[in-house]
Amino acid sequence: MLILCEGRVAGEPYVMPFTGQRVYSVEELCYYLYHNIYTINEEFFQESLAEWLRDETDHPALAKKLQDMMEGTPKLKDLVVTILCGCDYYRENEIRSLVEVMDEIANLPVYKKKKIKADNYLLAGHYGRSLLEYRKLLHGSFAVNFTTEEYGDILHNQGIAHFYTSSFAEAEYDFREAFARNNKKSSLRHYLWILLMEGREQDFERETASLGLSEEECEETRAMYRQALANCRVPDGAPGDIERYKKQMLQSFD
């Protein structure tokens, strides 16, 4: 994706909180905000952003305005619009459309906002933080607000967070329970892949038989697992390599 930049290109990029993505101009910053609006929250706007705008992109007025706003309690959409209006990358009607989307997000029920927050942490690779948020959703007062399928989807995402932060056993449990609720192939496959990953062939055969999977479906699951295995680097046996290898496996599944 090429982005036309009319202003100064930064010598040092701004590294986005959570995602780690780098931008080198105000235009790239605007593009990022516009296309990732569901992942943007108040924590995105930090002192370092204003400093970068001032020192690296030669936008002292925009930096000062943003800094003054952050010292108060501005609305999220006001912060976003301020940056979008800092250059001419987006037209007025495009900004108005984005404001409408932000208003819709602002009017979501609290439990849906919290799920978006947890999902954003997961997508950004902040698995520990996402895990804390998923636990609150699954075991707190918000749990009653989710449908059975939605609850299963949260369990699935919690399984991914567990996979990266704690144990495969907890991830296995999450994926199995997720499938029992959302009945989605993705949750089932993650559960079966972990069994194969752990070398538990008998458990795999028992579970697939119990779930009524056909021979063709079992072979498809194995084939996808083998393909993921082929796409990963083989560990050299050094301490910790097996764990890193298994994590790489899950990335191949996703």
Side-chain angles (χ1 to χ4, degrees), residues 1-130 132-134 153 157 160-161 164 251 254:
M1 176 67 188
L2 296 177
I3 297 177
L4 179 63
C5 299
E6 297 182 353
R8 173 179 167 185
V9 176
E12 293 293 330
Y14 184 70
V15 181
M16 299 297 181
F18 309 128
T19 65
Q21 186 168 334
R22 299 167 182 263
V23 296
Y24 288 85
S25 67
V26 174
E27 288 85 357
E28 287 184 352
L29 176 62
C30 290
Y31 182 89
Y32 182 91
L33 288 171
Y34 198 92
H35 290 275
N36 296 276
I37 195 61
Y38 281 92
T39 71
I40 304 300
N41 56 31
E42 287 77 4
E43 297 176 44
F44 178 88
F45 295 91
Q46 303 176 5
E47 181 74 18
S48 57
L49 176 58
E51 293 174 353
W52 179 79
L53 287 168
R54 181 192 65 226
D55 300 336
E56 293 291 337
T57 70
D58 196 25
H59 281 80
L62 176 59
K64 180 65 165 59
K65 185 174 183 179
L66 189 64
Q67 193 168 31
D68 290 344
M69 292 175 69
M70 289 190 295
E71 290 176 357
T73 55
K75 293 182 179 179
L76 178 62
K77 66 178 179 181
D78 293 335
L79 292 167
V80 173
V81 169
T82 295
I83 292 180
L84 293 180
C85 292
C87 67
D88 297 325
Y89 192 74
Y90 286 106
R91 295 187 295 271
E92 181 179 351
N93 65 312
E94 293 175 308
I95 295 176
R96 288 184 182 277
S97 296
L98 188 66
V99 169
E100 292 178 3
V101 173
M102 286 188 285
D103 284 338
E104 292 176 2
I105 296 173
N107 292 325
L108 287 174
V110 175
Y111 69 94
K112 288 191 175 182
K113 290 181 182 179
K114 288 187 175 294
K115 183 179 182 300
I116 290 175
K117 180 181 180 181
D119 290 344
N120 289 341
Y121 281 141
L122 185 70
L123 289 171
H126 294 279
Y127 303 112
R129 298 178 76 171
S130 69
L132 291 175
E133 296 299 326
Y134 287 132
D153 291 342
N157 288 348
I160 294 174
Y164 284 107
Q251 290 176 322
D254 292 335

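Worth knowing before you read on, the calculation uses all heavy atoms, side chains too, and leaves out hydrogens, waters and symmetry mates. On a predicted model such as this, the values are computed, not experimentally measured, just so you know.
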Taking 4.0 angstrom as the limit, do Arg54 and Glu51 come out as a salt bridge?
no
Salt-bridged, Arg129 to Glu133, with N to O below 4.0 Å?
no
Please tell me if the side chains of [X] and [Y] come closer than 4.5 Å, counting only heavy atoms from C-beta onward.
X	Y	result
Lys115	Tyr111	no
Val23	Pro13	no
Cys30	Glu27	no
Thr57	Leu29	no
Asn120	Ile116	yes
Leu84	Tyr89	no

Could you tell me the separation between the [atom1] atom of [X] and the [atom2] atom of [Y], rounded to the nearest 0.5 Å?
X	Y	atom1	atom2	answer
Thr39	Tyr32	OG1	OH	4.5 Å
Met69	Asp78	CE	CG	5.0 Å
Gln67	Leu53	CD	CG	10.5 Å
Tyr90	Ile83	OH	CD1	13.0 Å
Ile160	Leu123	CD1	CG	9.0 Å
Ile40	Leu79	CD1	CG	11.0 Å

Sidechain-backbone polar pair: [X] side chain, [Y] backbone, donor-acceptor under 3.5 Å:
X	Y	value
Lys113	Ala106	yes
Gln21	Met16	no
Trp52	Glu12	yes

Closest heavy-atom pair and its distance - [X], [Y]:
X	Y	answer
Phe45	Leu76	CE1-CD1, 3.6 Å
Cys87	Val26	SG-CG1, 3.8 Å
Met70	Ala50	CE-CB, 4.0 Å
Gly11	Glu56	N-OE1, 3.0 Å
Ala118	Ser130	O-CB, 3.5 Å

More than 12 non-hydrogen atoms from neighbouring residues, nucleotides or ligands closer than 6.0 Å to CD on Glu43, yes or no?
yes
Evaluate whether atom NZ of Lys75 has more than 12 neighbouring non-hydrogen atoms of other residues, nucleotides or ligands under 6.0 angstrom away.
no
Quiz question: by atom type and distance under 3.5 Å, do the side chains of Asp119 and Tyr134 form a donor-acceptor pair?
yes
Report the C-alpha distance between Tyr121 and Leu132 in whole Å, list the side-chain angles of each, state the deciding distance to 0.1 Å, and finish with yes or no for side chain to side chain contact (heavy atoms under 4.5 Å, CB included).
CA-CA 10 Å; Tyr121 281 141; Leu132 291 175; over 6 Å; no
